[in-house]
Chemist: 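First the structure, which I've put down as structure tokens, then a few questions once you've had a look.
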There are 2 protein chains.
Amino acid sequence: MAFHALSRLTPRAREIVQTARQLLEREGPDALSMRRLADQLGIRASSIYEHLRDKQALEAALISVGFEEQAELFGEAVHRSDAPIAALIAAYRAFARRQPNLYRLMTERPLRRDLLASGVEEAAAMPLLDATGGDRERARAIWAFAHGMVILELNQRFPPGADLDTTWRKGIDALVGTG
Amino acid sequence: MAFHALSRLTPRAREIVQTARQLLEREGPDALSMRRLADQLGIRASSIYEHLRDKQALEAALISVGFEEQAELFGEAVHRSDAPIAALIAAYRAFARRQPNLYRLMTERPLRRDLLASGVEEAAAMPLLDATGGDRERARAIWAFAHGMVILELNQRFPPGADLDTTWRKGIDALVGTG
DNA sequence: GGAATGCCCTAACGGTGTTAGGGTAGCGCC
DNA sequence: GGCGCTACCCTAACACCGTTAGGGCATTCC
């Protein structure tokens, strides 16, 4: 199911995107260059353009995959639990920690929505909207808190000793109320 | 007072940082290259290295200035208002909207604290800690929410019609409680 | 056999951060 | 007056980046 976001790509393009993902996550954002990626594939950088229009398209494909996986993970979390919001938030944090570089790529700049696989952004957002009973305001506030916590944590902006589990819990309690 | 963060730099280095700030804010992050900056100054890129160790040092100087200005603005907001947290959050949002590129630079990656002017990060964080009466957990949760809202807004991640003023208000109300 | 498709190549362009090594104008000091 | 020092700038080059132009070579299909 995780390959649907790439269904419009040729098989070779899919391979390239998969390799790019491993490269990004294993060696960090600076390693995700067309030349480094080509090295990894055993070809020259210019050959990549035979399969993907440019680097933006590559990044959009990676982001699409990320959204699709989020949709799956978050939907599952909501369904499995009787405290759906807390479960979803835990899944959100886990996603970011497991693949911090992909998470950064997905959030650090405005999205090129015209390059994304259609529907993936909405699919990733849906479980939270479900969990809040369709309350968009609350969903947005919770999302903002979760993203803020995740990215400040990834960027090591909290003091070393900070008890972030407690901060998460208190923040969620406040924003969810009796949800 | 906004120049204290640069007090360890030579006068020429200060000029370069000021020019860099204008360039960053007026033409965006891609414009902040050593060559573009040098053009703006009427010199060659390599001459900049006479005054600043490298680009990281330049960015650290910009970030230091940003923290110092935040400290001043946030401190003022807290002192002027009888709803200090709400006032501080409004100032936080205003800072980010007025200089989005500097705000991004300040938050998008882990800080090189060894390169910052000493004390500026703490000075910027102090007003919020004051406003929460020293409650670090609450301060962190509020900060995470505020940063999340700001950066998602800057990155245009909310739907076009979203009523963000309401989201801000509800989020703050929930996190602040009767504060 | 001939055409089309898929995939890769070399070579180059203009951009990036950065370094090595050299120059020159102005100032204080003997 | 001349010496040295400081502040400031220079050219040339290196290795990297994304990207394009133009060419080659096998496999597949008619």
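Letters A, B, ... are given to chains in the order of the sequence lines, protein chains preceding strands, and every chain is numbered from 1.
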Chemist: With a 4.5 Å cut-off on side-chain heavy atoms, are B:Arg138 and B:Val176 touching?
Modeler: yes
Chemist: Using whole Å, what does the distance between atom C1' of nucleotide D:dT20 and atom NZ of A:Lys55 come to?
Modeler: 17 Å
Chemist: Starting at atom CG of A:Leu52, determine the distance to atom C1' of D:dT20, rounded to an integer number of angstrom.
Modeler: 16 Å
Chemist: Which whole-number value in Å describes the distance from A:Leu9 CG to C:dC7 C1'?
Modeler: 16 Å
Chemist: Rounded off to whole Å, could you give me the CD-to-C1' distance for the B:Glu15 and D:dA7 pair?
Modeler: 12 Å
Chemist: Polar-atom pairs under 3.5 Å, protein N or O versus N or O of nucleotides 10-14 of chain D: list them with distances, or write none.
Modeler:
{"from": "D:dC10", "atom 1": "OP2", "to": "B:Arg44", "atom 2": "N", "distance (Å)": "2.5"}
{"from": "D:dC10", "atom 1": "OP2", "to": "B:Ser47", "atom 2": "OG", "distance (Å)": "3.0"}
{"from": "D:dT11", "atom 1": "OP2", "to": "B:Arg44", "atom 2": "NE", "distance (Å)": "3.4"}
{"from": "D:dT11", "atom 1": "O4", "to": "B:Ser46", "atom 2": "OG", "distance (Å)": "2.8"}

Chemist: Between B:Pro11 and A:Leu32, name the one whose nearest nucleotide on DNA chain D is closer to the 5' end.
Modeler: B:Pro11
Chemist: Let me know the distance between CD1 of A:Ile48 and P of C:dG6, rounded to the nearest Å.
Modeler: 18 Å
Chemist: Without decimals, in angstroms, what is the distance between B:Asp39 CG and C:dG14 C1'?
Modeler: 14 Å
Chemist: Whole angstroms only, please: what is the CG-P distance between A:Leu37 and D:dC16?
Modeler: 16 Å
Chemist: Side chain to side chain contact (heavy atoms under 4.5 Å, CB included), that's the test. Do B:Met106 and B:Gln70 meet it? Break it down for me.
Modeler: CA-CA 11 Å; B:Met106 293 172 68; B:Gln70 281 189 338; 3.7 Å; yes
Chemist: Using the salt bridge (Lys or Arg N to Asp or Glu O under 4.0 Å) definition, which of the options A:Glu27, A:Glu59, A:Glu69 pairs with A:Arg21?
Modeler: A:Glu69
Chemist: Can you check whether A:Tyr103 and A:Tyr92 have ring centres sitting under 6.0 Å from each other?
Modeler: yes
Chemist: Hey, which sits more toward the 5' end of DNA chain C by its nearest nucleotide, A:Arg12 or B:Tyr49?
Modeler: A:Arg12
Chemist: Would you kindly give the CE-to-P distance between A:Met34 and D:dT20, to the nearest whole Å?
Modeler: 10 Å
Chemist: Assess whether a salt bridge exists between A:Lys170 and A:Asp163, defined as any Lys/Arg side-chain N lying under 4.0 Å from an Asp/Glu carboxylate O.
Modeler: no
Chemist: Do B:Glu25 and B:Pro100 have side chains that approach each other closer than 4.5 Å (heavy atoms only, starting at C-beta)?
Modeler: yes
Chemist: Hey, is the side chain of B:His51 poking within less than 4.0 Å of OP1 or OP2 on D:dA7, counting only N and O atoms?
Modeler: no
